[in-house]
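Numbering starts at 1 and runs along the sequence shown. Computed from heavy atoms alone, side chains included, the values below leave out hydrogens, waters and symmetry copies. Remember, it's a predicted structure, so these values are computed and weren't measured experimentally.
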Amino acid sequence: MEYGFGTGDGDVSTWRSSVDLDLDGDGVLDAVSLDFDGDGRADDAMWDSDGDGVADRSALDLDDDGVAETCFVDGGSGLWELPVDADDPVPASEGRPHESFLDVDGDGVPDTVLLDTDGDGYADEHRPMS
């Protein structure tokens, strides 16, 4: 599975790892276990919830109970900073424009969607989130 991380400056490093977790419980491995907080336990994960070979969720164990209970999506810079419910639709998938979510008013909640409809890596449309 492929996944990327960035520092927010536009440069994203791409990583590839073998999947070793089944986060959706369907019997198919769909995530890579990682230790984001450095506690020595691989209790966080990068998750390919739509099965296209690229991570679309980071699943984090924020309370160190051994279970990843919080998911985030990437806002486009590799920071995986936008909270999302694990059951929400995947923001970008085959045949649909890539979507990036922004918090334009600064209240901590994404309110605008940028769309890359032609797949060139640049947003060419935007719309408010409903």
Side-chain angles (χ1 to χ4, degrees):
M1 181 179 68
E2 184 176 292
Y3 50 98
F5 296 107
T7 60
D9 64 1
D11 292 328
V12 177
S13 298
T14 301
W15 299 82
R16 288 175 186 78
S17 298
S18 297
V19 291
D20 58 0
L21 294 173
D22 173 17
L23 288 188
D24 63 7
D26 66 358
V28 176
L29 298 178
D30 55 15
V32 174
S33 58
L34 298 168
D35 177 16
F36 287 123
D37 61 5
D39 65 0
R41 297 182 316 170
D43 51 3
D44 304 307
M46 295 304 296
W47 181 18
D48 175 16
S49 70
D50 64 356
D52 68 356
V54 179
D56 49 60
R57 301 269 191 273
S58 63
L60 306 180
D61 175 20
L62 299 178
D63 59 7
D64 285 329
D65 67 354
V67 177
E69 69 281 322
T70 307
C71 287
F72 295 86
V73 294
D74 181 22
S77 58
L79 296 177
W80 299 92
E81 74 279 22
L82 303 174
V84 65
D85 186 70
D87 297 325
D88 283 352
V90 177
S93 68
E94 291 283 323
R96 290 190 304 173
H98 178 77
E99 299 174 346
S100 296
F101 303 94
L102 300 175
D103 174 17
V104 175
D105 60 11
D107 67 356
V109 177
D111 48 40
T112 301
V113 178
L114 297 179
L115 300 168
D116 174 13
T117 60
D118 58 9
D120 66 356
Y122 297 95
D124 34 45
E125 291 183 30
H126 72 278
R127 62 178 165 84
M129 293 179 69
S130 47

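Looking at R41, its side chain does come within 3.5 Å of a backbone N or O of D64 through a donor-acceptor pair. Checking side-chain atoms of D30 against main-chain N and O of L23 turns up a donor-acceptor pair under 3.5 Å.
V12 is not listed as a side-chain neighbour of D74, based on a closest heavy-atom distance of 4.5 Å or more. Contact of the V73 side chain with the E81 side chain is not registered, since no non-hydrogen atoms from C-beta on lie closer than 4.5 Å. Side-chain contact between M1 and L29 is absent, with no heavy-atom pair separated by less than 4.5 Å. Side chains of L21 and V19 form no contact here, defined as non-hydrogen atoms less than 4.5 Å apart.
For the atom pair CZ of R57 and CG of L82, the computed distance is 11.0 Å after rounding to the nearest 0.5 Å. Here the CG-OG1 distance, from D63 to T70, works out to 7.5 Å after rounding to the nearest 0.5 Å. In this structure, CG on D37 lies 8.5 Å from CG on L60, to the nearest 0.5 angstrom.
Taking each heavy atom of G66 and D61 in turn, the nearest pair found is N-OD2, 2.8 Å. Here the closest heavy-atom approach between residue A31 and residue A45 is recorded as CB-CB, 4.3 Å. Here the closest heavy-atom approach between residue G6 and residue L79 is recorded as O-CD2, 3.3 Å.
Partner Y3 forms a side-chain contact (heavy atoms from CB on, under 4.5 Å) with one of D56, V54, L34, T14 and no other, that one being L34. When the options F72, F5, W80 are evaluated for a ring pair (Phe, Tyr, Trp, His ring centres under 6.0 Å) with F36, the one that passes is F5.
Transitive grouping of hydrophobic side chains (ILVMFWY, heavy atoms separated by less than 4.5 Å) brings L62 and M46 into a common cluster.
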